[in-house]
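To keep things clear, I will list the structure first and then write my remarks on it.
Every number for a ligand or one of its atoms is a count from 1 in the order of the listing. Only a predicted model underlies this, so the values are computations on that prediction, with no experimental measurement involved.
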Amino acid sequence: MEEKGTPREVISAQLIGYRALDTPHTRILSSMCTIPHQIAEEAKRLFAASNLGDPAVFAGAAKIEQLLIESLGDLLHCKTASGWMTSGGTESNLQAIRAAKKRKKTEKPNIVVPESAHFSFYKICDILGLEMRTVPYAPGKYIADTGRMAELIDKNTIAVSAVAGSTEYGTIDDIRTIAKITRETDTYLHVDAAFGGFVIPFLKNPVPFDFAVEGVDSVSLDPHKMGLGTIPGGCLLFREEEDVKALRVSTPYLISKEQTTLTGTRPGADAAAAYAVITYLGREGFRDIVAGCMENTRRLTAGLSAFGYEKVLDPVLNLTVFRDFAVPDGWMVSHTGRHELRFVLMPHVTRDVVEAFLADIAEQKQK
Ligand code: 0PR
């Protein structure tokens, strides 16, 4: 840190310069985050100084968080669900598994997760001292083999996590069958809908993935992904208040006397942003956005197939995967663990962006 401060204009110019080093969204086909809705950015600015870690002091921000969770509980078919805003999918998954661990005391705890589970589960098992048991994909599919899942659950299994909108393939586990297995074995079931939570409910024919399925104990969904909120912003919802209470820690010197969240200080700003977007758009608005993303996913899939590239699966959500090929320079496209190309058709990947990408491929092919 310099002894003397720097003039505002100099800093502004510096920041703009650094911002220009970030890839423009019109070139990002690899991300599950997108440009926040304008109303989200406005709300974020308004609540920049509000700390949800001390809700008794920041009662306005706390009220917004409560309304946000109520609204999402309604969307996920459990109006009485309790929960809070997190920093994203990783923290939500961690807290869900922590709650599960409180329910079942065992010396050698394990969790059972699908092969499609996000890498956050490696961190979670490390932090919580859990064995991770991975269920392979069902033959020819990119969802968990539920038969194998049932075999891996034993008396030391504290939780099963299923994915609704997998990071690599955008696939949705068979939550109903999984919930049947976890009910029969009295095992906690978390659904990681970090990506799919703001997509599946708005599809023409949504599959059951949330609290509508009996046996689902918690669901995570991220406003900072398809919720068009600001970064960072995840939400975690529990069906049973008991699981929330199990995470309670007393905070005697604060104005608010207890916390169930992982982090202490938490941004009111991102909760306000998430609330503003979902209230502004409503289900209708999200249905339009999701329909647009799905249409663009179909267009990209058809366009790439017409070039002779081979799709790995029929897209389930706004994500399409192809066998590897040379991507034209200047485009951000990521690979799956099996080295296939993975395209995420977020709202910033508009029809124009898709056409520009396909045109670059056509040009590359001519060279
Ligand atoms: N669960 C699922 C199903 C996810 O896809 C992700 C992240 C997480 C949990 C973890 O969420 P947080 O990253 O919010 O903690 N999925 C994206 C991914 O790994 C995250 C991402 C987003 C990465 C944008 C890069 C990027 O540019 O691809």
- Minimum heavy-atom separation for Thr182 to Gly215, with atom names?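 Taking every non-hydrogen atom into account, OG1-O, 4.4 Å.
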- Taking every non-hydrogen atom, the tightest pair across Thr171 and Tyr142: OG1-O, 2.7 Å
Does the protein place a non-hydrogen atom closer than 4.0 angstrom to [atom]?
atom: atom 9 (C) of ligand 1; value: yes
atom: atom 21 (C) of ligand 1; value: no
atom: atom 6 (C) of ligand 1; value: yes

Can you find an N or O of [X] that's nearer than 3.5 Å to an N or O of ligand 1?
X: Gly89; result: yes
X: Ser120; result: no
X: Thr90; result: yes
X: Ser87; result: no
X: Ser31; result: yes
X: Asp192; result: yes

Flag for [Y]-[X]: side-chain donor and acceptor within less than 3.5 Å:
X: Thr297; Y: Asn318; answer: no
X: Ser71; Y: Tyr275; answer: no
X: Asp192; Y: Ser161; answer: no

- CA sep, side-chain torsions, deciding dist, call: Gln95, Glu91, side-chain hydrogen bond (donor to acceptor under 3.5 Å, both in side chains): CA-CA 6 Å; Gln95 286 284 81; Glu91 185 186 328; 5.6 Å; no
- Query: Does ligand 1 have a heavy atom under 4.0 Å from the side chain of His118, from its backbone, from both, or from neither?
  - Reply: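 Answer for His118: side chain.
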- Query: When you look for heavy atoms under 4.0 Å from ligand 1, do you find them on the side chain of Ile28, its backbone, both, or neither?
  - Reply: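 Neither; nothing of Ile28 gets under 4.0 Å from ligand 1.
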- Query: Is Thr265 reaching over with its side chain to a backbone N or O of Gly53, donor-acceptor style, under 3.5 angstrom?
  - Reply: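 Checked: no pair found.
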- More than 12 non-hydrogen atoms from neighbouring residues, nucleotides or ligands closer than 6.0 Å to CG on Asp186, yes or no?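 Counting other residues, nucleotides and ligands, CG of Asp186 stays at 12 neighbours or fewer.
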- Query: Does atom NZ of Lys104 have more than 12 heavy-atom neighbours, drawn from other residues, nucleotides or ligands, at distances under 6.0 Å?
  - Reply: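 Yes.
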Atom indices of ligand 1, in the order listed, that fall short of 4.0 Å to a heavy atom of [X]:
X: Phe119; result: 19 (O)
X: His224; result: 14 (O)
X: Ala194; result: 1 (N), 2 (C), 9 (C)
X: Asp222; result: 11 (O), 14 (O)

- Message: If the contact criterion is a heavy-atom separation under 4.0 Å, does Glu91 count as touching ligand 1?
- Response: no
- Message: Tell me if the aromatic rings of Phe307 and Phe325 count as close, with their centers under 6.0 Å from one another.
- Response: no
- Query: Considering Glu168, Arg342, Lys225, which one's heavy-atom position lies nearest to atom 11 (O) of ligand 1?
  - Reply: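 It is Lys225 that holds the nearest heavy atom.
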- Query: In terms of side-chain geometry, is the basic nitrogen of Arg287 or Glu284 positioned less than 4.0 Å from the acidic oxygen of its partner?
  - Reply: no
- Query: What is the closest protein heavy atom to atom 4 (C) of ligand 1, and at what distance does it sit?
  - Reply: Thr167 OG1, 3.3 Å
